[in-house]
Amino acid sequence: MTLTQEDSLIDYSVNYYEKTLDDEKKARAYYYKGAISYELTNKLVPSIYLIKYAEEYAEKTNNLLLKHKIYETLSYYNNLAYEYDLSLHYAKRAYQVAQKLSDKNRQAIALIYMVGSYSYLGKTDSVAICIQECLPLADYITDTDKAYLYTRIGEFYVDTEPEMAERYLKKAVGIHPQSWTYLALSNLYIKQGQVDKAQAVWNKALEINGSTRVRIEILKAMRQQSMEQKDFMQANALADSILKTQERFYEGQRKDQIAEIQAKYDKETAVRDLREKYMTWGLGLLALTTIIVTFLGYKSRQGMKAKKELAESKIQLDAYTKKASELESSGKASATEINKLHEKINELTHQHSGILAKGRELYDAIETGETTVRWSKDDFINYLEYYKMKDLPFVNEMETDYNHLSPKYIFFAILEHEGKSDEDILRIMGISESTLRSTRSRINSKKR
């Protein structure tokens with residue numbers, strides 16, 4: 001199964017459970033769609049939108065574990081987006097739920113997230129409190145998380161208690177050596193005037209295949225020290241190293257962008273691991289696919305029927321209006337006959353006006369930043385009927401020049417026709433970049 005098929009299957013699952021009254025399954029569907037969306041696209045905004053939908057439904061349930069997953073993920077995503085206040089908000093909620101679950105590991109991770117957010121926000125008192133609460137839980141977390149915690153503690157005490165800072169930074173290095181920890185340790189030694197120790201730590205850090213950004217910071221610190229010692233030859237050599245490292249870093253970024261599409265296909269294993277988590281609440285992949293295909297077929301027939309009925313009502317409305325006008329002009333028809341025609345006209349007008357009113361409401365919702373994630377097929381049809389009033393030639397072109405485009409595909413074409421960017425379309429329709437490319441290709445293939 002390709003990633004495009006996988007993404008589409010999750011879309012089907014979301015649409016399927018959206019029609020049910022089971023809030024827990026709807027929350028799970030949106031949660032896993034949001035998590036996999038980020039895995040596939042590395043785009044935070046659409047992923048956060050989906051996790052927020054999951055949060056909305058999860059709040060209506062008593063499933064604490066599901067709530068914790070959602071809060072922890074929102075804390076993590078907001079941290080990546082530099083929204084530290086929101087990250088802190090959700091870390092606190094995750095911690096509260098972890099306490100109710102009596103889960104020491106989850107409590108510790110939430111506290112670590114809180115330490116990071118408070119650090120970036122400059123709230124040192126709160127950092128100290130979280131550190132004190134987290135230390136007794138250190139045995140319940142992985143070595144990587146423990147090293148991260150000890151590094152944060154070391155950074156916290158650099159200016160006030162350098163001996164304690166050094167002790168924790170060395171503990172972090174002993175558990176899981178990281179270039180970031182070495183950088184913090186070297187900064188401590190420079191503050192203390194222990195240049196030889198700082199130099200030794202820099203050399204160790206450069207031996208680690210760590211973050212390129214940290215490597216650049218270490219080289220800058222070494223160059224600064226060389227300048228202070230008036231070793232200008234060494235300083236110039238380090239400046240050259242910094243430039244070369246920066247060039248490789250930015251070149252690597254460009255290569256990563258080029259390789260992004262291929263990397264998505266390499267993530268099949270990671271996607272399969274996530275799929276195992278959400279398959280437990282389904283009837284199995286095969287059974288679920290069968291249900292979805294049947295359901296979509298039924299909805300497709302319903303959509304075609306609704307479209308046909310709408311067209312027929314327009315024809316009847318025109319015919320009744322014309323006939324009533326003729327009878328009134330002739331003066332030969334009875335008042336009863338004319339009144340019956342007007343009753344039929346009013347009934348059809350009310351029916352058609354309701355569709356247009358709904359379409360206008362949906363159009364305005366999109367223009368004000370809402371999405372189609374929870375739209376039904378009838379919603380897309382209502383939107384198109386209203387849009388015909390704005391640009392009938394374009395809708396007619398899509399319906400006549402292309403073979404059997406679905407209302408959703410025509411909606412996609414309208415967004416492009418109105419000049420929406422790919423990023424706008426991803427957010428509005430709640431789809432991944434792979435689905436966007438697939439949709440555009442399918443529309444082009446249906447042109448007569």
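What you are looking at is a predicted structure, and each value in this text was computed from that prediction instead of being measured.
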Go through it in stages, so that I can follow the logic: the residues are Leu86 and Leu74, the test is side chain to side chain contact (heavy atoms under 4.5 Å, CB included), and I'd like the CA-CA distance, side-chain angles, deciding distance and then a yes or no.
CA-CA 8 Å; Leu86 279 172; Leu74 283 171; over 6 Å; no
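- Contact of the Trp375 side chain with the Ile366 side chain is registered, since non-hydrogen atoms from C-beta on lie closer than 4.5 Å.
- Panel note: side chain Ser438, backbone Thr435; no donor-acceptor pair is recorded below 3.5 Å.
- Side-chain contact annotation: Ser432 with Ser434, donor-acceptor N/O pair under 3.5 Å present.
- Considering CZ of Phe412 and CD1 of Ile431, their distance stands at 6.0 Å, rounded to 0.5 Å.
- Residue Asn63 comes nearest to Arg28 through the heavy atom pair ND2-NH2, 3.4 Å, listed as atom of the first residue, atom of the second, then distance.
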Distance-only check: which donor-acceptor pairs under 3.5 Å involve side-chain atoms of residues 415-425, not counting sequence neighbours?
residue	atom	partner	partner atom	Å
Glu416	OE2	Arg440	NE	2.7
Glu416	OE2	Arg440	NH2	2.6
His417	NE2	Asp391	OD2	2.9
Glu418	OE2	Tyr387	OH	3.3
Ser421	OG	Asp424	N	3.2
Ser421	OG	Asp424	OD2	3.1
Asp422	OD1	Arg440	NH2	2.9
Asp424	OD2	Ser421	N	3.3

Walk me through it: do Leu135 and Tyr150 pass the test side chain to side chain contact (heavy atoms under 4.5 Å, CB included)?
CA-CA 9 Å; Leu135 278 174; Tyr150 289 160; 4.0 Å; yes
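- Between Leu183 and Ser186, the shortest heavy-atom distance links the atoms O-OG, 2.7 Å.
- Pairs engaging residues 126-151 under the salt bridge (charged side-chain N to carboxylate O under 4.0 Å, His left out) rule: none recorded [sequence neighbours left out].
- Atom CG of Leu362 is separated from atom CD1 of Ile381 by 11.5 Å, given to the nearest 0.5 angstrom.
- Residues Lys204 and Val173 have side chains not in contact (no heavy-atom distance under 4.5 Å, counting atoms from C-beta outward).
- For Arg360 and Asp364, the salt-bridge test passes: some basic side-chain N is under 4.0 Å from an acidic carboxylate O.
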For residues 109-126, which side-chain N or O atoms pair as donor and acceptor with protein atoms under 3.5 Å away, sequence neighbours left out?
residue	atom	partner	partner atom	Å
Ser117	OG	Ser87	OG	3.3
Ser117	OG	Tyr113	O	3.2
Tyr118	OH	Lys92	NZ	3.3
Ser119	OG	Val115	O	2.8
Tyr120	OH	Arg152	NH2	3.4

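- Distance check, rounded to the nearest 0.5 Å: CZ of Phe380 to CD of Glu385 gives 14.5 Å.
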For residues 159-169, run the donor-acceptor check on the side chains, cut-off 3.5 Å, and write out each pair with its distance to 0.1 Å, sequence neighbours left out.
residue	atom	partner	partner atom	Å
Glu166	OE2	Lys170	NZ	3.0
Glu166	OE2	Tyr189	OH	2.9

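- With sequence neighbours left out, the side chain to side chain contact (heavy atoms under 4.5 Å, CB included) criterion links Arg93 to Glu55, Glu59, Tyr71, His89, Tyr90.
- Remark: side-chain polar atoms of Arg106 are not paired, donor with acceptor, to backbone N or O of Lys69 under 3.5 angstrom.
- Counting heavy atoms of neighbouring residues, nucleotides and ligands inside a 6.0 Å radius, atom OH of Tyr140 does not exceed 12 of them.
- The minimum heavy-atom distance linking Leu384 with Phe411 is given by the pair CD2-N, 4.3 Å.
- With hydrogens and angles disregarded, a donor-acceptor distance shorter than 3.5 Å links the side chain of Asp379 to the backbone of Ser376.
- Looking at every heavy atom in both residues, Thr181 comes nearest to Thr151 through OG1-OG1, 2.9 Å.
- Here the OH-CH2 distance, from Tyr182 to Trp202, works out to 15.0 Å after rounding to the nearest 0.5 Å.
- Shown here for Ile51 and Gly34, the closest heavy-atom pair between the two residues is CD1-CA, 3.8 Å.
- Going from atom CD of Gln224 over to atom CD1 of Ile190 covers 9.5 Å, rounded to the nearest 0.5 Å.
- Taking each heavy atom of Ala58 and Lys67 in turn, the nearest pair found is O-CE, 3.1 Å.
- Between the side chain of Asp23 and the main chain of Tyr57, no donor-acceptor pair closer than 3.5 Å is present.
- No donor-acceptor pair under 3.5 Å is formed between the side chain of Ser441 and the backbone N or O of Arg437.
- Applying the 6.0 Å contact sphere to NZ of Lys60 captures more than 12 heavy atoms from other residues, nucleotides or ligands.
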Side chain to side chain contact (heavy atoms under 4.5 Å, CB included) between Asn62 and Glu24, intermediate numbers included
CA-CA 9 Å; Asn62 296 319; Glu24 183 175 327; over 6 Å; no
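- Atom NZ of Lys52 sits about 14.5 Å away from atom OH of Tyr77, to the nearest 0.5 Å.
- Residues satisfying the side chain to side chain contact (heavy atoms under 4.5 Å, CB included) criterion with Glu361, sequence neighbours excluded, are Lys358.
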Checking Lys100 against His68 for the side chain to side chain contact (heavy atoms under 4.5 Å, CB included) test, could you report, in this order, the C-alpha distance in whole Å, the side-chain angles of both residues, the deciding distance, and whether it holds?
CA-CA 10 Å; Lys100 293 179 181 178; His68 181 274; over 6 Å; no
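- Side-chain contact annotation: Glu72 with Tyr76, donor-acceptor N/O pair under 3.5 Å absent.
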